[in-house]
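The sequence lines fix the lettering, A, B, ..., with proteins before strands; numbering per chain opens at 1.
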Protein chains: 6
Amino acid sequence: MNKNVHTFIGCDNDYVDSKIVIFGAPYDSTTSFRPGTRFGPSAMRNDSFGIETYSPYQDKDLEDINVFDSGDLELIFGTPEKALDDIEATVSKILSDDKLPCMIGGEHLVTLGAVRAAAKKYSNLNVVQFDAHADLREDYLGERFSHACVMHRCHDILGDDRIYQFGIRSGERAEFNFANEHTSLNKFNFTGLKEAVDKIGESPVYFTLDLDVLDPSQLCGTGTPEAGGVTFTELLDALKEVSKLNIVGFDINELCPVYDQSGASTALACKLLREILLYFYK
Amino acid sequence: MNKNVHTFIGCDNDYVDSKIVIFGAPYDSTTSFRPGTRFGPSAMRNDSFGIETYSPYQDKDLEDINVFDSGDLELIFGTPEKALDDIEATVSKILSDDKLPCMIGGEHLVTLGAVRAAAKKYSNLNVVQFDAHADLREDYLGERFSHACVMHRCHDILGDDRIYQFGIRSGERAEFNFANEHTSLNKFNFTGLKEAVDKIGESPVYFTLDLDVLDPSQLCGTGTPEAGGVTFTELLDALKEVSKLNIVGFDINELCPVYDQSGASTALACKLLREILLYFYK
Amino acid sequence: MNKNVHTFIGCDNDYVDSKIVIFGAPYDSTTSFRPGTRFGPSAMRNDSFGIETYSPYQDKDLEDINVFDSGDLELIFGTPEKALDDIEATVSKILSDDKLPCMIGGEHLVTLGAVRAAAKKYSNLNVVQFDAHADLREDYLGERFSHACVMHRCHDILGDDRIYQFGIRSGERAEFNFANEHTSLNKFNFTGLKEAVDKIGESPVYFTLDLDVLDPSQLCGTGTPEAGGVTFTELLDALKEVSKLNIVGFDINELCPVYDQSGASTALACKLLREILLYFYK
Amino acid sequence: MNKNVHTFIGCDNDYVDSKIVIFGAPYDSTTSFRPGTRFGPSAMRNDSFGIETYSPYQDKDLEDINVFDSGDLELIFGTPEKALDDIEATVSKILSDDKLPCMIGGEHLVTLGAVRAAAKKYSNLNVVQFDAHADLREDYLGERFSHACVMHRCHDILGDDRIYQFGIRSGERAEFNFANEHTSLNKFNFTGLKEAVDKIGESPVYFTLDLDVLDPSQLCGTGTPEAGGVTFTELLDALKEVSKLNIVGFDINELCPVYDQSGASTALACKLLREILLYFYK
Amino acid sequence: MNKNVHTFIGCDNDYVDSKIVIFGAPYDSTTSFRPGTRFGPSAMRNDSFGIETYSPYQDKDLEDINVFDSGDLELIFGTPEKALDDIEATVSKILSDDKLPCMIGGEHLVTLGAVRAAAKKYSNLNVVQFDAHADLREDYLGERFSHACVMHRCHDILGDDRIYQFGIRSGERAEFNFANEHTSLNKFNFTGLKEAVDKIGESPVYFTLDLDVLDPSQLCGTGTPEAGGVTFTELLDALKEVSKLNIVGFDINELCPVYDQSGASTALACKLLREILLYFYK
Amino acid sequence: MNKNVHTFIGCDNDYVDSKIVIFGAPYDSTTSFRPGTRFGPSAMRNDSFGIETYSPYQDKDLEDINVFDSGDLELIFGTPEKALDDIEATVSKILSDDKLPCMIGGEHLVTLGAVRAAAKKYSNLNVVQFDAHADLREDYLGERFSHACVMHRCHDILGDDRIYQFGIRSGERAEFNFANEHTSLNKFNFTGLKEAVDKIGESPVYFTLDLDVLDPSQLCGTGTPEAGGVTFTELLDALKEVSKLNIVGFDINELCPVYDQSGASTALACKLLREILLYFYK
């Protein structure tokens, strides 16, 4: 009898044959409001069998591409440094094998580990962020490694004019002020995305999708639901636009299954991941 | 003291006086992902008392029309054949009394029983389907009588160019290929509906509404929520269009109350049924 | 050590310094379908710490204005008269101190207490109501003080052409007939709002927001979810329009936390209240 | 086709043939903490089909006895007086036909309506109460007709030494003091029940079962769960003891389905009602 | 990178080295009340990481024994025959390799497939059943292959005096009558277990544990919770007693995660499975 | 108007007058399985108004004693060191004012901060722990400051024979081995408590109550429910025994409201805290 290999639907290929490598980063220790995103990756694997591998949007099928799902990292809760190190090491390994890392969070802080690895390989790295929250605090109650600060930490690495933010509709005034100086922040929706894609051109891009960019009507299963977000269809169109970029790594994060009684948020996240995999697979 | 008669709101007329006859088909044994639609009809009866009988959309009132609600069939779980037979017999009885059958599912397979009965009475029957899923599989893990195959089974009876599908956004590639050959499948929304209504003309039509055609933001209480669906308002407009057809039977199915913690899905289904009854009552 | 003062986020000023005074009216005894709105105000205080004090919509911050939150009234359940008296007394006190009362319900009947107080101070008071339900019944099962009758009771006080209703999509036929004679009822959305604002001009206005005016996809946590409502963005625009009026008191009601498993409804209500406070603060 | 008669399982007999008459009293307007018991009777009817009609405890079957279920009264929410009048009238009617009334609450205040009716027929009426709460307050925030005062109101009618309370483990100090003077209050469990049964002898007894007498581990679906209660088995034994009395009416109340996510509380309440019906049927 | 092998905690050994083989049988199509047990096995795998591998009850550790978890069978929903065939084939394969099959249901009907396989290998097979329900119906609404009939079907194979039932507290009168003639049925608890163990002696035994034998206070996450059951501790003692028998196969079934909001039922089922594995491993 | 002071019921006294000082420690960043205990203290304050201030168990009333509730500390999520420092400082302040600190967790790691403070004041401090889990790991995935290690960290401070553990029924084998050498560990229940109380005598004691010592049937709202625990009544008796000790500080922790759909766990925790306050108040 065979061992019970558990993957996201249609992602049961071998590592060596695969161009995209999925792994889960089930960490949520710095979440300031409602924790629980650590269960996001496993919930997505479980419920992915409620969707199909075929996309009628793109007329493509996960069965026709090679993706490997390595399961979840075993991350330490509490102190974020070690978790970030483990994530960085994993992404570095995948990048060094010339594969595309696809990380499933976890809270948004996990993105920092991946960006560290990508920035080491690509000195001119850009970050495109879809999110409800600016995540640009200098610190949160004194803690600099917090989900609320993750884009500020990325800016520490990347510098000015490298971070493109879309859908942002929550933050302190200071965060919006910071963005005016240092990032390209686009409020509420995807206005400006096409221009950003043109401007970035062939430069390498790390793409991070905080699922709370969606309106909570579409995705209520997240720690900090923020009204006034984008629809699934708007997001799909934006992903198509992003797929024109030179994506070198990406993540999808902040699904919090405990607030998803109906499972509709998890199902939507699964469908989005299918579309992203099909869009980004080259 | 009187017996406790329990009906959908405003549908407490006698059978003989009624033009529309409601019955529940609480069957969900072939559901492949998350079961529970068997409780749809009773949940709708219970919660229908949270809506009004009057429709400000149509300026009509359930109090002014005659509808009979006979309660739920007692269907056998497991093997679908017997359940389908019971449904077919019920619909045949209603049709033979020149009344309009209105079935509340249950899973979508129940439609097959009703279509069998309708096709026996109307040789030139058409089916109009609103659904997220194509339901066109030849079989599901070898089983030919499955909710995932129900439209293929209807095609077995009706033949080519008789099935009109709208809102479809999920299926295997093979299903979409099948549709290209044998049905009129309209992806994602109601584009093409007006043309279909014109084309069908006076031919008899069985209308089946899988509630998951709605976006999960509007109706999360269903077994397989599929993002990217239509809004309530779009659906209402489409129902108005459908009401121009020669409807000879209809159903509303796939409400799964256990995933409707807020009750908003059940309330919406009740409101839809009110609108449908008022639209289809001639 | 200091006492544990519990307020809506950013509303921790002193009474004397504040222009707006928040209080909760946790009463829901006449709710005809699903009770539970009594827990609305405390849920909003608790979860308000999941949003920010800063509004990127208005570029204003609750930190920059003075609002006092006095907590919940201790209202008697059962007979509504005493609860309405207590609410009226509280609002009268706030109005007599030339402050703006902001009541958090509770069921919609609580508005009657506030309107009584406001009508005593302002003889030419108007009421602007955003709601899914007309609330214009003469009585409900014989009871004249019911959430379903609250606007009829307000009309008893104010007379014809003083009540402006928006978003209404549910009621008995008799209620819509009553509205044709006595109020300005606008069905489904905010069409006509600009004209109403122009017409009202400088007259004093009590504004009442029944959260079920929102589509249940946006706010499922309410006793009687009614499909076909407005979006958060449409509501925000309408609130901006309303803020041009001479608001002398307002409320936000009908949040029912027990049907808000994800917390998204409560979060949205908090965000709305922040925006309203920033809009109405002059 | 027949109308859809909806009863508690096995209670589908005609009124005239039945010795026991069930009716629901879906009232909860004076509930001071968490409302929702109004949905208790319909939840019990719905879920009663998950239990059997046969009792292996008594080797008796509901199929062998005649019980009529008349459904729920349509009670007015808000002011309790009218609801109590309607309950009293219903119980009086049943008693005048020499049948045994079985009321399903609703909050505990509904018992007052039934006791009023029973006390009019039986001048020497006793009340046996199983409950976690003494319910002996003189008033609750000034309101004398409240669930928290129901036994005090019964005492107003019946006088001293007529009320036997068991399982009581919550109340104000003043309530326990009142009990010392005026009732027979037995704390925590059923100690003293046998003696009470002997003492009451052949006198007529109204029996009221507040389901929160059970430990919340057994029944969490109630408005005010109170740890330290009795087990199902202990309650069954106590019911057997109570059945030796001359029961002239009884109720089972305070099931609150919204806090019963698993349905186990409702299932237990159904099973209890089956046992009670079989015990009390003579 | 390694593939993501997903097993019950501590059961990650290879098939060839293992004495016990776990597999899931996620079938629930004949469930007559509330379906959902199909998600039992995966829920147990997921949540098993919330318990330890070490048992302080037995001072043994799953790390010290060899168990293989092969994941879930892919069973067809609807018609039970094919599912039963697949289960029988799997158990036969495990038995033919002289390993102990451990099946995780699913509904109780799955036991029939395993008993068929075991009875083919062991002509003198006995069945020991812990259950709230007798499961002895001849048929359920005409269907002979139903969870409510599974023990009757086992009796069809095994004949009289081979089935030992414990904890039974629900069934039709006819089922209890059948048991009087054909099985050893022990009501409510484990009285008689020691005697049964002595009587069975060295004969081969298939052990089936329907988790609803537990009181719903301990395990509410099941389709048909039945009050008056055994405690965890009583069950543990009974399992110790059963472990003295010559167990040739066993199952644990009827966990229904959707009714286990707290996860306590799933956690208990995991702990039970750990104890059973440690008890039955020889 | 007064500010809205929010306390545990009956604990609204001033700091200077109070002998017991309550504060919340809403930290759960090192939780290894399911987080969410950070919301324990606020949930208990909110729901404490569902219980009475009077205890029929002790015939004492919170109204008659002086307790101050200072609300929740604002703790940093992520790195535990700063949170522990803040807790230690708070407890030290309370101890230096000769008051009894009562901390509401939060995860169990918070106890370490309090024990540090108490051990500085009392060199011969003992710890009495009621818990399902030994919490004696040397580290958890390399992290030494984890809820799973908290008693090992206390041992680092206190040394051998100072920690008394009761109700323990989960842990690694190594933890039980450690206990054999260094602590007094009593498995499953409170056997040995009386002897421990006698042995400790007048020495100062910090008492820590992990609510998961209770059976999950009594308290399912916790991160890691562990079957086989004690009942509420057994716990009450044990608390009475503990109250004979020279208690210098105590805590109650690990309530996780998100897994307490019914509210019964929170209600029980509130009742326990009332009893503890009444027992420990001297």
Side-chain angles (χ1 to χ4, degrees), chain D residues 9-10 43-44 46-65 211 214-222 225 227-237 239-240 255 257-276 278, chain E residues 31-36 131-137 140-141 148 165 167-180 185-189 211-212 214-232 234 255-266:
Chain D
I9 193 169
M44 285 178 66
N46 283 336
D47 284 7
S48 67
F49 294 86
I51 64 166
E52 304 280 353
T53 54
Y54 173 74
S55 164
Y57 299 89
Q58 304 184 48
D59 190 20
K60 292 188 204 165
D61 199 309
L62 289 178
E63 300 291 348
D64 303 329
I65 70 174
L211 286 162
L214 284 156
D215 193 74
S217 62
Q218 305 253 324
L219 187 125
C220 62
T222 193
V230 303
T231 67
F232 173 77
T233 307
E234 290 167 344
L235 179 51
L236 223 51
D237 289 344
L239 290 169
K240 186 176 181 182
L255 176 70
V258 80
Y259 299 111
D260 181 30
Q261 190 270 345
S262 74
S265 299
T266 306
L268 183 149
C270 291
K271 190 169 176 178
L272 270 182
L273 183 52
R274 180 189 73 197
E275 295 299 314
I276 294 173
L278 292 171
Chain E
T31 300
S32 53
F33 188 38
R34 306 188 305 181
D131 202 334
H133 306 89
D135 291 351
L136 284 171
R137 291 186 187 223
Y140 189 82
L141 298 176
Q165 307 181 283
I168 311 300
R169 56 194 184 275
S170 180
E172 293 187 305
R173 178 174 268 152
E175 295 179 74
F176 286 88
N177 290 345
F178 182 89
N180 280 341
L185 186 153
N186 302 271
K187 287 198 290 193
F188 309 134
N189 50 42
L211 286 162
D212 64 20
L214 284 157
D215 194 74
S217 62
Q218 306 253 323
L219 187 126
C220 63
T222 192
T224 313
E226 185 73 36
V230 304
T231 67
F232 173 77
E234 289 167 345
L255 177 69
C256 190
V258 79
Y259 298 111
D260 181 30
Q261 190 270 346
S262 74
S265 300
T266 306

Of the backbone (N, CA, C, O) and the side chain (C-beta and beyond), which part of E/T224 lies under 4.5 Å from a heavy atom of chain D, both, or neither?
side chain

E/F33 versus chain D, heavy atoms under 4.5 Å apart: side chain, backbone, both or neither?
side chain

Quick one: which of D/L219, D/I51, D/D59 has the most heavy-atom pairs under 4.5 Å with chain E, could you say?
D/D59

Portion of D/D64 that has a non-hydrogen atom of chain E nearer than 4.5 angstrom:
side chain

Does any part of the side chain of D/E63, heavy atoms only, come nearer than 4.5 Å to the side chain of D/T53, both counted from C-beta?
yes

Shortest non-hydrogen pair, D/K271 vs E/A227, comes out as NZ-O, 2.6 Å

Can you measure from CG (E/L185) to CD1 (E/I168) and round to the nearest 0.5 angstrom?
5.0 Å

I need the residue from E/Q218, E/E175, E/R173, E/H133 with the largest number of non-hydrogen atom pairs under 4.5 Å to chain D.
E/R173

Is it the backbone or the side chain of D/F232 that comes under 4.5 Å from a heavy atom of chain E, or both, or neither?
side chain

If you tally heavy-atom pairs under 4.5 Å against chain D, which of E/S265, E/S262, E/S217, E/S32 wins?
E/S217

Examine whether an atom of D/D47 lies under 4.5 Å from a heavy atom of chain E, and if so say whether it belongs to the side chain, the backbone or both; otherwise answer neither.
both

Give me the atom names and distance for the closest heavy-atom approach of D/P56 to D/R274.
CD-NH2, 4.1 Å

Report yes if some heavy atom in the side chain of D/K60 is under 4.5 Å from a heavy atom in the side chain of D/I65; otherwise report no.
no

Compare all side-chain heavy atoms of E/D215 with those of D/T231 and state whether any distance is below 4.5 angstrom.
no

